[in-house]
Amino acid sequence: AVIPGISSIQVLAARHRVSLTRTGRPVHLTTGRLLSEGFPDNADDVVVMLDSRCAFTGVDPDTEIYWGAYVGSPDEILISGPAGEAGPRIVAAREAARAEHGWIMDSYLLRRPGPA
């Protein structure tokens, strides 16, 4: 469903019941290609889109990930947890969803461990 004024990133956070940012902190939006070059130094909360190569597999395994595919649709898939634990489940879910639908539209929020 499309709701004017509500982005898929906002829906992703809402479906996971988390805020996009922590108190007084910015959120950084990027692509998987740029994330594969390294986690942004100046950011603790990063939203990643367009990541066909699963760049999250290269982040600190303690980094929290809130991943979603087809968010807001009947085919929605949500997975979250530490990247080291959730990452393999996300890779498998992406492959299965892509095989079933022929395409995948997903995004995720990465949150470095640390104070809220």
Side-chain angles (χ1 to χ4, degrees):
V2 174
I3 302 170
I6 303 297
S7 72
S8 61
I9 297 167
Q10 291 168 304
V11 176
L12 173 72
R15 296 295 293 142
H16 278 287
R17 298 176 186 257
V18 298
S19 172
L20 277 175
T21 62
R22 291 181 268 192
T23 305
R25 302 293 308 200
V27 64
H28 184 94
L29 305 178
T30 193
T31 63
R33 181 175 295 147
L34 291 174
L35 180 66
S36 67
E37 296 173 6
F39 205 100
D41 289 333
N42 62 344
D44 292 325
D45 301 301
V46 177
V47 172
V48 182
M49 301 175 288
L50 303 173
D51 185 13
S52 63
R53 295 188 182 109
C54 299
F56 56 82
T57 59
V59 302
D60 178 333
D62 292 329
T63 300
E64 287 291 317
I65 185 168
Y66 300 91
W67 176 85
Y70 317 110
V71 177
S73 79
D75 297 316
E76 180 178 87
I77 307 166
L78 299 171
I79 298 174
S80 64
E85 296 172 18
R89 291 184 292 140
I90 294 169
V91 170
R94 280 186 103 264
E95 290 174 9
R98 187 168 183 149
E100 180 179 345
H101 299 287
W103 60 279
I104 187 158
M105 184 60 69
D106 63 339
S107 57
Y108 54 91
L109 168 65
L110 293 173
R111 181 158 284 160
R112 281 194 221 248

Q.
Quick check: closest heavy atoms across Gly68 and His16, and the distance to 0.1 Å?
A. N-NE2, 4.4 Å
**Q.** Arg53: partners by side chain to side chain donor-acceptor pair (under 3.5 Å), with sequence neighbours left out
**A.** none
**Q.** Cluster overlap Val11 with Tyr66, hydrophobic side-chain contacts below 4.5 Å
**A.** no
Q | Those residues that, when tested against Ser7, pass side chain to side chain donor-acceptor pair (under 3.5 Å) (two or more places apart) | A | Gln10
(Q) Going by ring pair (Phe, Tyr, Trp, His ring centres under 6.0 Å), name the pairs with one or both residues in residues 17-37, residues two or more places apart or in two chains. (A) none
Q) Could you give all pairs that pass the salt bridge (Lys or Arg N to Asp or Glu O under 4.0 Å) test and reach residues 10-20, with sequence neighbours left out? A) Arg15-Glu76
Q. Hydrophobic clusters join Ile, Leu, Val, Met, Phe, Trp and Tyr when side-chain heavy atoms are under 4.5 Å apart, directly or via other members; which others share one with Phe39?
A. Leu35, Val46, Val48, Phe56, Val59, Ile65, Trp67, Tyr70, Ile77, Ile79, Ile90, Val91, Trp103, Ile104, Met105, Tyr108, Leu110
**Q.** Straight-line distance of Thr21 OG1 to Asp44 CG, nearest 0.5 Å
**A.** 11.5 Å
Q) So, for Ser36 and Ala55, which heavy atoms are closest and what is the spacing to 0.1 Å? A) N-CB, 4.0 Å
Q.
Checking the side chain of Arg111 only, and the main-chain atoms of Leu20 only, is there a donor and an acceptor separated by less than 3.5 Å?
A. yes
Q | Cationic N near anionic O, under 4.0 Å, Arg22 to Asp45 | A | yes
Q. Minimum heavy-atom separation for Asn42 to Arg25, with atom names?
A. O-NH2, 4.5 Å
Q) Of all heavy-atom pairs between Glu85 and Arg89, which one has the smallest distance, and what is that distance? A) O-NE, 3.7 Å
Q: Kindly work out whether a path of hydrophobic side-chain contacts (I/L/V/M/F/W/Y, heavy atoms less than 4.5 Å apart) joins Val27 to Leu50.
A: yes
Q: Give every residue pair that meets the side-chain hydrogen bond (donor to acceptor under 3.5 Å, both in side chains) criterion with at least one member in residues 90-101, sequence neighbours excluded.
A: Arg94-Asp106
Q | Spacing of CZ belonging to Arg112 relative to CG belonging to Asp62, to within rounding of 0.5 Å | A | 12.5 Å
